[in-house]
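Shown next, in structure tokens, is the structure this report addresses.
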Amino acid sequence: MTRDPVTVGPDDTLAHALRLTREHRIRHLPVVDAAGMLVGILSDRDIRLAMPSPLTVADPERVDFLERTPVSAVMTAEVVTCTGADPIEDAAKLLCRHRIGAVPVTDAAGMLHGILSESDLLSALVQILGGTEPASRLEVALPDRPGELARAVAFLAEHSVNIVSVLVSPVRVEGGKTVIFHLGTIDPREVIGALEAAGFRVGWPSLEEDVRALLTR
């Protein structure tokens with residue numbers, strides 16, 4: 001999450017809020033009272049929808065509207081939130097379920113501690129998948145039965161290959177599942193050969209598009 005996020009108060013004007021979104025290049029502003037308690041959230045989209053259309057109102061009137069309208073008149077008061085102790089996947093579910101771009105992070109009393117945005121979740125996903133360090137991506141098709149993933153992991157351990165990350169795809173393929181491994185090597189052809197010799201079906205970087213076919217052209 002982003003700690004100590006940029007905030008506005010309910011009595012601040014929409015003009016002030018709009019300046020903050022542009023200055024800090026953000027799309028969501030938690031609305032807090034003088035004690036730091038969350039009372040709402042305001043997005044740049046909320047501001048745009050509230051503004052009179054330029055087709056019906058002259059620019060000076062639009063500016064005047066922003067300068068005299070308080071944040072409380074436009075903000076969302078019923079805020080979807082999470083806590084700092086919530087698993088990141090639960091926060092991601094909130095974004096998907098409610099079709100929102102960010103969730104404020106509060107404690108049990110409602111005190112604001114941060115905000116978690118789509119960009120924060122994307123960065124976390126990259127880190128979880130090992131995208132911040134050199135690695136090779138392999139897909140391994142496994143039967144959907146207990147022990148198969150453990151067998152593949154044990155095989156890689158026997159061949160002294162470091163697993164940077166592992167993800168089981170929820171999509172079923174040919175009665176089984178696809179496991180995505182990120183391995184700590186930039187040339188996995190040796191380990192791929194060993195996996196295939198042991199009976200595993202492997203793709204690099206995917207089962208559908210194997211880069212080895214390009215290397216042999």
Side-chain angles (χ1 to χ4, degrees), residues 1-5 25-28 80-105 113-217:
M1 71 178 184
T2 299
R3 300 180 183 275
D4 299 320
R25 297 183 179 181
I26 53 179
R27 296 189 296 119
H28 300 87
V80 177
T81 65
C82 65
T83 72
D86 289 338
I88 193 168
E89 56 267 31
D90 287 352
K93 290 176 186 177
L94 288 176
L95 293 183
C96 292
R97 184 182 307 130
H98 297 280
R99 298 182 180 181
I100 52 180
V103 287
V105 182
H113 290 282
I115 189 168
L116 186 70
S117 68
E118 293 172 319
S119 297
D120 295 326
L121 287 172
L122 183 59
S123 297
L125 178 62
V126 170
Q127 293 180 3
I128 290 171
L129 294 179
T132 57
E133 55 184 288
S136 293
R137 182 187 193 276
L138 304 183
E139 288 188 0
V140 181
L142 296 177
D144 189 11
R145 58 174 179 256
E148 291 298 323
L149 177 57
R151 184 169 68 93
V153 170
F155 183 89
L156 292 172
E158 290 173 2
H159 287 75
S160 302
V161 179
N162 184 42
I163 299 175
V164 176
S165 70
V166 58
L167 173 69
V168 179
S169 172
V171 180
R172 296 180 63 87
V173 180
E174 299 177 3
K177 290 191 175 182
T178 299
V179 179
I180 303 169
F181 288 102
H182 284 80
L183 304 180
T185 175
I186 60 173
D187 187 355
R189 282 176 287 184
E190 182 177 343
V191 70
I192 290 174
L195 282 166
E196 291 178 332
F200 294 97
R201 187 161 68 88
V202 186
W204 173 35
S206 70
L207 291 165
E208 289 75 18
E209 184 178 356
D210 197 328
V211 74
R212 288 173 294 173
L214 300 176
L215 296 176
T216 56
R217 289 180 182 176

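Reckoned from all heavy atoms, side chains included, excluding hydrogens, waters and symmetry mates.
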Pairs satisfying salt bridge (charged side-chain N to carboxylate O under 4.0 Å, His left out), at least one member in residues 159-168, at least two apart: none
Could you give all pairs that pass the ring-ring contact (aromatic ring centres under 6.0 Å, His included) test and reach residues 119-148, with sequence neighbours left out? none
Looking at every heavy atom in both L95 and G101, which two are closest together, and how far apart are they? CD2-C, 3.9 Å
Would you give me the side-chain donor-acceptor pairs under 3.5 Å for residues 81-94, sequence neighbours excluded?
from: T83; atom 1: OG1; to: A85; atom 2: N; distance (Å): 3.4
from: T83; atom 1: OG1; to: D86; atom 2: N; distance (Å): 3.4
from: T83; atom 1: OG1; to: D86; atom 2: OD1; distance (Å): 3.1
from: T83; atom 1: OG1; to: D86; atom 2: OD2; distance (Å): 3.4
from: D86; atom 1: OD2; to: T83; atom 2: N; distance (Å): 2.8

According to salt bridge (Lys or Arg N to Asp or Glu O under 4.0 Å), who are the partners of E190, at least two apart in sequence or on a separate chain? none
Which heavy atom in I192 sits nearest to a heavy atom in W204, and how many Å separate them? CD1-CB, 3.6 Å
Under a 4.5 Å cut-off applied to non-hydrogen side-chain atoms, are I163 and L183 in contact? yes
Would you list the pairs meeting side chain to side chain donor-acceptor pair (under 3.5 Å) in which at least one residue belongs to residues 141-162, sequence neighbours left out? D144-R172, R145-E148, E148-R151
Sequence-distant partners of D4, salt bridge (Lys or Arg N to Asp or Glu O under 4.0 Å), two or more places apart: none
Scan residues 116-130 for pairs that pass salt bridge (charged side-chain N to carboxylate O under 4.0 Å, His left out), counting only residues two or more places apart or in two chains. R27-E118
Once side-chain hydrogen bond (donor to acceptor under 3.5 Å, both in side chains) is applied, do any residues pair with T178, and if so which ones, sequence neighbours excluded? none
Is it true that a side-chain atom of E139 and a backbone atom of L207 form a donor plus acceptor pair closer than 3.5 Å? yes
Working to the nearest 0.5 Å, report the span between CG of L125 and OG of S165. 9.5 Å
Which residue pairs pass the ring-ring contact (aromatic ring centres under 6.0 Å, His included) test when at least one of the two sits in residues 181-200, sequence neighbours left out? F155-F200
Within the side chain of R137, is there an N or O that forms a donor-acceptor pair under 3.5 Å with the backbone of P205? yes
Audit row: T2, I26, side chain to side chain contact (heavy atoms under 4.5 Å, CB included) steps and yes/no: CA-CA 11 Å; T2 299; I26 53 179; over 6 Å; no
